[in-house]
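Counting starts at 1 for both ligands and their atoms, in listed order.
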Amino acid sequence: MDATEQIKPSFPRLGQPAPAFEVQTTQGNLRLEDFKGSWLILFSHPADFTPVCTTEFIAFAEIAPELKKRNVELCGLSIDSTYSHIAWVWNIERNFGIKIPFPVIADLNKEVATLYGMIMPGESKTETSRCVFVIDPNGILRAMIYYPLTTGRNTQEILRVIDALQTTDKHGVATPANWKPGEKVIVPPPTTSDGAEERMKAGFETKDWYFSKKAL
Ligand code: BEZ
């Protein structure tokens, strides 16, 4: 992008294409379209060499093998430089014995941060908040989770969201509160009166016409 061009702030919406980007990372230059065919968890952190972010990088590295099994790639981002990112991931390996397996975007000009609305001026005008964007293999934004600067993310919850989305796509169902893989799922409610009558006889675990569960 031309340095004189203004980046327009935008607010991504679920169900819409994720904003395209072309960036420098710790693993070379990457474009959003390089992830086509895989799920992508794009996540931002406030700054390198900070303690909560360090615990999060370790936690993301720890779930990376589980994500791989689900065809999910990880990509971190902050507005620090690649030199800073490289020094920090080396420092994490040295201090904690954890190798960071995913690329980290150096968004020095805040281009991606602005496109994805990752900077929350009420929290910090200079740092990206703890944002998580789940992008599906077709480049569609499927989930967005935001945490404040002072709260480290729960990576098991992020894994759970991936499992829920993939279950929805595979089986055409929804998942209830606190659902975990192996538990019963929600059969989408009927939308007509006849459908409601049929639902009562359909053989699901039905509490009422709009509330049915089934095992997968
Ligand atoms: C941290 O990662 O420790 C942190 C970063 C920004 C604000 C507060 C905490």
Side-chain angles (χ1 to χ4, degrees), residues 1 6-14 18-19 21 23-30 32 35 39-68 70 72-135 141-162:
M1 201 186 65
Q6 273 272 316
I7 310 160
K8 278 203 195 81
S10 67
F11 301 94
R13 295 278 182 264
L14 294 182
F21 57 74
V23 286
Q24 220 184 356
T25 83
T26 48
Q27 296 181 7
N29 291 348
L30 284 173
L32 176 63
F35 295 98
W39 290 77
L40 171 64
I41 295 174
L42 171 66
F43 69 97
S44 55
H45 66 276
D48 297 349
F49 292 101
T50 51
V52 177
C53 300
T54 300
T55 63
E56 290 187 320
F57 260 45
I58 292 169
F60 277 117
E62 284 171 347
I63 64 163
E66 281 304 313
L67 291 172
K68 262 272 174 302
R70 293 159 173 80
V72 185
E73 299 290 335
L74 277 163
C75 187
L77 176 147
S78 77
I79 60 173
D80 298 289
S81 68
T82 36
Y83 300 114
S84 169
H85 288 335
I86 290 166
W88 183 40
V89 299
W90 281 27
N91 182 278
I92 291 174
E93 187 169 359
R94 210 167 41 246
N95 282 314
F96 299 94
I98 301 284
K99 199 171 179 68
I100 299 304
F102 47 82
V104 189
I105 297 171
D107 195 29
L108 276 172
N109 63 2
K110 303 192 180 119
E111 190 170 340
V112 181
T114 307
L115 274 176
Y116 279 78
M118 292 169 170
I119 294 173
M120 315 275 173
E123 280 217 295
S124 171
K125 289 187 176 61
T126 55
E127 297 162 309
T128 40
S129 288
R130 302 183 194 280
C131 307
V132 179
F133 298 91
V134 178
I135 300 167
L141 202 40
R142 299 291 297 278
M144 299 188 282
I145 314 174
Y146 301 94
Y147 289 68
L149 294 177
T150 49
T151 307
R153 282 163 277 209
N154 182 333
T155 51
Q156 290 305 314
E157 168 60 5
I158 294 165
L159 198 52
R160 194 190 75 88
V161 171
I162 292 285

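- Using modelled atom types, one side-chain atom of T26 and one backbone atom of V104 make a donor-acceptor pair closer than 3.5 Å.
- Near C53, meaning under 4.0 Å from one of its heavy atoms, ligand 1 places the atoms 1 (C), 2 (O).
- What sits closest to atom 5 (C) of ligand 1 on the protein, heavy atoms only, is R130 NH2, 3.6 Å.
- The residue E123 has no part lying near ligand 1, judged by heavy-atom distances below 4.0 Å.
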Let me check something: any side-chain donor-acceptor pairs from residues 92-100 under 3.5 Å, sequence neighbours excluded? List them with distances.
from, atom 1, to, atom 2, distance (Å)
N95, ND2, N91, O, 3.3
N95, ND2, N91, OD1, 2.9

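- Remark: minimum distance from atom 7 (C) of ligand 1 to any protein heavy atom is reached at L149 CB, 3.9 Å.
- Partners of F43 under the ring pair (Phe, Tyr, Trp, His ring centres under 6.0 Å) rule, at least two apart in sequence or in another chain, are F57, F60, F102.
- Heavy atoms of P51 come nearer than 4.0 angstrom to ligand 1 in at least one pair.
- For atom 3 (O) of ligand 1, the nearest non-hydrogen atom of the protein is V52 N, 2.8 Å.
- The closest side-chain heavy-atom distance from L149 to M120 is not below 4.5 Å.
- Remark: side-chain polar atoms of S44 are paired, donor with acceptor, to backbone N or O of S129 under 3.5 angstrom.
- Atom CZ of F49 has more than 12 neighbouring heavy atoms from other residues, nucleotides or ligands inside a 6.0 Å radius.
- When only interatomic distances are considered, the shortest N/O to N/O separation between T50 and ligand 1 falls below 3.5 Å.
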